[in-house]
Structure formats: C-alpha cells, structure tokens
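Heads up: the structure comes next, in structure tokens.
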Number of protein chains: 2
Amino acid sequence: MVKTEASSQSATQERLLTVALKAFGSRDYDDVSTREIVQAAEANISAISYHFGGKRGLYLATVTYLTEQLKTGMTNRLEEIRQTANDSPPERSAGLICDFLLHFLEHILLGEMGQHAPGIIFREQNRPTEAYDILYEKLLAPMHFTLASLIARYRKREPSDPEIIIMAHTMIGQTVIFRIGRTTLLRRLNQTAYNRATMEALKRQLRTYYLALLDASTDATEMETRDHAE
Amino acid sequence: MVKTEASSQSATQERLLTVALKAFGSRDYDDVSTREIVQAAEANISAISYHFGGKRGLYLATVTYLTEQLKTGMTNRLEEIRQTANDSPPERSAGLICDFLLHFLEHILLGEMGQHAPGIIFREQNRPTEAYDILYEKLLAPMHFTLASLIARYRKREPSDPEIIIMAHTMIGQTVIFRIGRTTLLRRLNQTAYNRATMEALKRQLRTYYLALLDASTDATEMETRDHAE
DNA sequence: GATATTCAATCAATCGTTTGACTAAAGCAA
DNA sequence: TTGCTTTAGTCAAACGATTGATTGAATATC
C-alpha cells in the first residue's frame, strides 16, 4: 500500500527498488546482476523486465526513487531555508548556510540514504548518462541554486554571478570530501569509522571554514587583472 | 626500450598498460572487457593472462603503473616543496600550499594523466580493494602528509594534530571537487569544458579561499568545549 | 472470466580463462 | 660455424560460466 509520487508501486516493485538502490549505490552497474537483485528482493527474474522493461530501466527507476526518497530529508528543506533567508536580514544567511551544509554532512556521513546515494551520484558525475539528468534536475541543481542564492544574499551579489557559483561549488566540495575521501581520512586518523567525537570536531571546524570563505575578500587577488564593478 | 622502475616491460606489456589505464580510468571495471583491451593494444587475448596473470592482475598493474607515471609530475614535487618549506620562514608556507594545490588543480583538470587517474582513485575510495593500498601508499598518503606538514608549519602546530589533518583534507576537497563535480559546475556555468578564462577565475578564487582557511581562527568555535594549549 | 503478476525454463551473447600449436630468438655443445 | 634444445612470446580456437532477456504456462486478483 506504499505510494510514491504519482506512480503507485506494487510491493514487488518497491522491494526491487530498495534492493537495487543498495546494490547500485555500493557497486558498479555491471557488477550488479539482475539475478542477484531479484534473489535479494525475493522476486522472479522476469519481474525486472515486466515492471521496469529491463536492467537499465530498473537503474533509471532506482535513481528516480532515490531522488524521491531524498525529498523529505533534503530537497524540501531547501525551499524552507530559502524562504527563511528571504525573511531575514542578509547577515543571517551565513548561519543558514552553515546549518544546511552541516546537516547535509551528517546526512551523507551517517544517514541511511547517505550510504547509497553518493555512490550513484559520483558515478554519474564521472560518466554522465541519462540518469545524471534526473539527479541534476531533482537534486543537484536545487541544492546548488539554493546555496548560491544564500551566498549571493550574504555577499550582496547576484546569484548568477560565476564567482558566487564557484564559491558554492567550493563549499560543497569541502563538505562532500569527507564522504568521498573518507577512506583516506579515516586511515590518516587511524580510525575505522566516523565516531561521535570526530563528527563534532569535524562540524566545528567546517563551520569555521564556511564562515572564513563567506567573509573572504576577493579584492586582494582581484587587483591585478580585474576591474571591480562595485 | 622503455623501462619503468625495476620492472623491465615488454612492448606488449606497455601497450596493454596504457590502454588499460585509459579504459579503467574512464569506465567501470566490469564494463571493460579483456577482449576490448587486447584489441586496442593490438595484442592477443592470452597476453593478459601471460603477462599479468589475468584481468585482475592487469588492473592492479595498471594502478601501479599509474602511480609511477604520476611520480615525475606529482610525487617527486612533494618532497621538493617540503624541503623548500623547511628552509623558509613559516609564513612562506602559505604560498607553497597555494602553489601546490593550484598546480594539482591544473593537473587533474587539464593534464593528460588527470583524465584517467581520478576515475580509478575515486572508485577505490568508494569501494577500496587492494588497489587502494597501492594508491594510498604511493600517492594519497605522501600528498596528505606533505600538505599537513606545511599547514602545521604555518599554523605552528603538530603535523599529527587531527585538526591539521582535517584542514588538509578540507583543502584537498575544495580542490578536487572541480574535477569530481565538474559536470555539475559546467552545467551551472553553461559551459561544456573548462576554458582558460574559467581556469584563471577558478585559481584566483581558490587561492583566496586557501588563504582564508589557513588564517581562519578556530578559537571562536573552540571556546565552548575545547581547552586551547597555546 | 478477464486482467495482472509470477514462475521455471530456456535463449543467444558475452564474459574471463585455458589450451596447444606455432614462431623467433637465445643458449650451448660439438 | 653447425645443429639441437630451451625459452619467451604470440596466436586462433575453444572452454565453462554467467550475463540480460524472453517465453509460455501457471497462478493470483478483482
């Protein structure tokens, strides 16, 4: 009786999608076999063709399923934040940016969906297929736009300013690296997993870095080649 | 007559490795077939088993080959920089850090080897195999250690300080995101590839951000739970 | 009884690997 | 030098296993 968006999905479809998300999120597309999926989902091999038209269709449906699952935890929150920012003075935007990024950090490091989503997202980033279009429209773009909007408000610039976009991208980068490069960081710290203490230290430091970036003056480096409009 | 390290490789081995690097660097392991490799390398199918013991052996050899190729451009440079830093006042370390990271940026965005390396590295980060050990020891660790060493010198801390390590990790993150997430950024900027102008703007901004991070005071956030030793 | 779904069986294609014959160069005793 | 053996490397052909997909009958649901 579970319904997701407009598509009313059968129990078998739902089971296939959850299993597929786990599989595709942690292993390569070609490394995941259809037989392995249907076995874990307790379905028949032909269920994939029947419900999704094939393995490829299942993969695309999984990506859509992923964005829908992330809606409550992430995407919806974005609009709220953007509204809050519009109703508050620009100086408050900095706090909102930090809060959102740190919430995002916890999500991808400790959240359940954060275990599977990055694998798919980073694969599609590296070699985009039509699945990337889904991710961009439903997930990456909303996040990027909202972040740029907040930064622009704080720095009193246009959200479409390339400099603002690049700054947003940078801040995302210094966040997701703790998921992408967690293997390396944990090895450097002689740890096997992110514990509470490390997480707190991480968040405290990152907040400082976010603020440092937001307040960084670009004038010092602009003086050489750029003519400043302001 | 090409010799790499201690292993004297036949022409066939060399051809297989270059082809394999290109293939494994841009596509998934299981998506790359042995037949496709030997065809592109103009070798026989059994050459893989003969020279590398199988597909898996070829992959591991490719990773080693990758680290060796990066030695002249990256790894060797690290030791030089570390030496230069030791012979200069701590304040100069900031400039060295920026120069190295920006050089690294250019390398992964425009360099030839930068086309193939990230694909392998990020895959091994997400799902480490024994190939990750090679990458960590020969590439990731040297870079991480050197960067932490420079930062520690600049901020007058211990290189083993977790806070320094995390800062190094953050700076790496805000650099590599422009390779990992380039598809998203380029789409945001309405571009199809990194051009000269964008590269210059990128480097100028990132330099500012590096310096902002290096000079960011952690005291403001430390006052709650931490006791500062200095 | 009409529709929707599941099932076991089977399909051709491709996978990585192995085989044994073949070539060419090197080693070596005469 | 000559003749023989050894070794390294290449080659086409075939191996069994697994892949995604399809079939048509069986079953469930309304």
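Worth knowing before you read on, the calculation uses all heavy atoms, side chains too, and leaves out hydrogens, waters and symmetry mates. Note on naming: letters A, B, ... go to the chains in the order of the sequence lines (proteins, then strands), and numbering restarts at 1 for each one.
- Here C:dG16 presents its P atom at 13 Å from CZ of B:Arg56, a figure rounded to the nearest Å.
- The CD-C1' distance, from B:Glu14 to D:dG9, rounds to 17 Å in whole Å.
- Here the nucleotide nearest the side chain of B:Ser33, chosen from D:dT10, C:dC15, D:dA21, is C:dC15.
- Contact annotation: B:Thr12 side-chain N/O to D:dT10 OP1/OP2 distance is under 4.0 Å.
- A cation-pi geometry, defined here as NZ or CZ lying under 6.0 Å from the six-membered ring centre and within 45° of its normal, holds between B:Arg188 and A:Phe145.
- Nucleic acid contact class of B:Val38 (heavy atoms, under 4.0 Å, all strands): none.
- Between B:Phe100 and B:Phe104, the two ring planes are parallel [angle under 30°; tilted spans 30° to 60°].
- Atom CD of B:Gln39 and atom C1' of C:dC15 are 15 Å apart (whole Å).
- Where A:Asp31 and A:Ser49 meet DNA chain D, the nucleotide closest to each residue was compared, and A:Asp31 sits on the side nearer the 5' end.
- Put simply, B:His51 has a side-chain N or O that comes within less than 4.0 Å of OP1 or OP2 on D:dT10.
- One atom, NZ of A:Lys55, and another, P of D:dT18, lie 15 Å apart when rounded to the nearest Å.
- Between A:Leu58 atom CG and D:dT19 atom P there is a gap of 15 Å when expressed in whole angstrom units.
- Side-chain atoms of B:Thr183 and A:Tyr136 form no donor-acceptor pair, as typed in the model, at a separation below 3.5 Å.
- Distance from the side chain of A:Tyr50 is smallest for C:dT5 among the nucleotides C:dG16, C:dT10, C:dT5.
- Note: CD1 (B:Ile45) to P (D:dA12) measures 11 Å, nearest angstrom.
- Regarding A:Ile37, its CD1 atom lies at a distance of 17 Å from the P atom of D:dT18, rounded to whole Å.
- Atoms CG and CD1, from A:Leu213 and A:Ile151 in turn, are 8.0 Å apart once rounded to the nearest 0.5 Å.
- Here the C1' atom of nucleotide C:dA13 and the CZ atom of B:Arg35 are 11 Å apart, to the nearest Å.
- For the pair B:Arg123 and B:Tyr29, the cation-pi test (distance below 6.0 Å, angle within 45°) is failed.
- A donor and an acceptor atom sit less than 3.5 Å apart, one in the side chain of A:Ser46 and one in the base of C:dC7.
- Phosphate proximity of D:dG9 to B:Asn44: absent, as no side-chain N or O sits under 4.0 Å from OP1 or OP2.
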